[in-house]
Amino acid sequence: MIRPVRVLSLPVVLLIPVLLTGCGTEKAGAGTGVDSSASVAVPSRAELDARASALGIAPELVYVTKAPGFTLAQQSVGVYGDDGFSGVYWAKETNAQIQLSVERGTMTARSCPKQPVGGMAGERTVCERDGDAWYRAGGGRHEYALVEKGHVLKASGDSTKVTRAVLLSAHRPSDAELAAVLPPAPTTATAPVERGDLPSTGDGAPNNEVGTTG
């Protein structure tokens with residue numbers, strides 16, 4: 001059973017404008033977010049897994065897309081469901097969006113129509129098989145849902161702006177692609193500063209006694 005989503009409560013069609021106006025225009029490179037001209041060393045897989053885990057995301061549930069003309073909105077990357085992944089790609093020229101979401105579970109002919117496309121609740125969903133995936137449409141959006149081992153990958157977009165071929169371009173990332181998608185791991189917290197006015201005995205209240213010169 002697909003569990004309720006904990007994040008991305010805004011409709012996906014509103015997500016990018018909110019992010020771009022509220023958090024600047026920070027984006028990864030086009031498509032997967034990898035800058036081919038950069039010479040930065042790719043972190044180890046252990047570090048990449050730690051970066052995903054710091055967000056609450058299971059590393060094996062991260063996916064990316066190489067859709068031409070689309071750029072990852074870095075601020076959209078986050079946990080989906082319990083430990084799934086979600087991210088939104090945006091095309092500047094057309095203002096089209098692709099939402100990727102991955103979470104544990106499955107999808108069947110019976111459950112497919114009951115799940116709204118792109119999280120747009122209240123819309124009728126039509127499902128049909130297309131190879132190994134479900135092609136789904138509803139509310140002016142369409143989506144491919146691919147059932148993998150223990151999880152479901154969904155790639156959705158506006159049916160008038162995003163083609164079916166573009167939706168099918170999602171895939172598991174290379175280490176370089178994963179490094180571009182995940183934000184750096186948080187730095188280690190520093191030790192608390194020891195205050196000189198706190199006595200080592202008693203209830204720990206500050207020592208405010210006035211000295212002989214006071």
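Computation of the quantities below employed the complete heavy-atom set of this structure, encompassing side-chain atoms and omitting hydrogens, waters and symmetry-equivalent molecules.
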State whether Arg104 and Glu60 are salt-bridged, where the test is any N-O pair (Lys NZ or Arg NE/NH1/NH2 against Asp/Glu carboxylate O) under 4.0 Å. yes
Exercise: identify the closest heavy-atom pair between Ile57 and Val79: CG1-CA, 3.8 Å
Could you tell me the separation between the CD atom of Gln99 and the OG atom of Ser156, rounded to the nearest 0.5 Å? 4.5 Å
Backbone N or O of Lys154 within a donor-acceptor pair of the Arg136 side chain at under 3.5 Å? no
Verify side chain to side chain contact (heavy atoms under 4.5 Å, CB included) between Arg129 and Trp134, making sure each step is shown before the conclusion. CA-CA 5 Å; Arg129 291 293 293 182; Trp134 286 101; 2.9 Å; yes
Test Leu182 against every option in Glu177, Gln74, Arg51 by the side chain to side chain contact (heavy atoms under 4.5 Å, CB included) rule and name the one that passes. Arg51
Side-chain touch Met107/Cys112, heavy atoms, less than 4.5 angstrom: yes
For Tyr80 and Phe85, I'd like to know if the aromatic rings sit close, meaning centre-to-centre distance below 6.0 Å. no
Please state whether the rings of Tyr135 and Tyr144 are parallel, tilted or perpendicular, taking 30° and 60° as the class boundaries. tilted
Can Arg45 and Leu178 be said to form a side chain to side chain contact (heavy atoms under 4.5 Å, CB included), step by step? CA-CA 9 Å; Arg45 172 56 67 165; Leu178 190 58; 3.2 Å; yes
With Ile98, the side chain to side chain contact (heavy atoms under 4.5 Å, CB included) member among Val88, Leu72, Leu167: Leu167
Evaluate Val102 against Glu148 for side chain to side chain contact (heavy atoms under 4.5 Å, CB included), listing each step before the verdict. CA-CA 10 Å; Val102 188; Glu148 296 287 5; over 6 Å; no
When you look at Arg172 and Val62, which way does the side chain to side chain contact (heavy atoms under 4.5 Å, CB included) test go after all the steps? CA-CA 7 Å; Arg172 285 282 293 142; Val62 179; 4.2 Å; yes
Main chain of Gly118, side chain of Glu143: is a donor-acceptor contact present, judged purely on distance under 3.5 Å? yes
So do the side chains of Leu55 and Pro183 get within less than 4.5 Å of each other, counting heavy atoms only? yes
Looking at Ala145 and Val152, what are the two nearest heavy atoms and their distance? CB-CG1, 4.2 Å
Could you pull out the closest heavy-atom pair between Pro43 and Ala179, with the gap in Å? CD-CB, 3.7 Å
Specify the closest pair of heavy atoms between Gly138 and Glu123, including all atoms of both residues, with the distance to one decimal. C-CB, 4.5 Å
For Pro113 and Ala109, which heavy atoms make the closest approach, and how far apart are they? CD-O, 3.3 Å
What heavy-atom pair brings Thr65 and Ala170 nearest, and what distance separates the two atoms? OG1-N, 4.0 Å
Quick check: does any side chain N or O of Thr125 sit under 3.5 Å from a backbone N or O of Gln115, one acting as donor and the other as acceptor? yes
Rounded to the nearest 0.5 Å, how far does CZ of Phe70 lie from CD of Glu93? 10.5 Å
Would the distance check show the side chain of His142 and the main-chain N or O of Val117 forming a donor-acceptor pair, the cut-off being under 3.5 Å? no
Counting N and O atoms only, with roles assigned by atom type, does the side chain of Ser101 sit under 3.5 Å from a partner on the main chain of Ser86, one being a donor and the other an acceptor? no
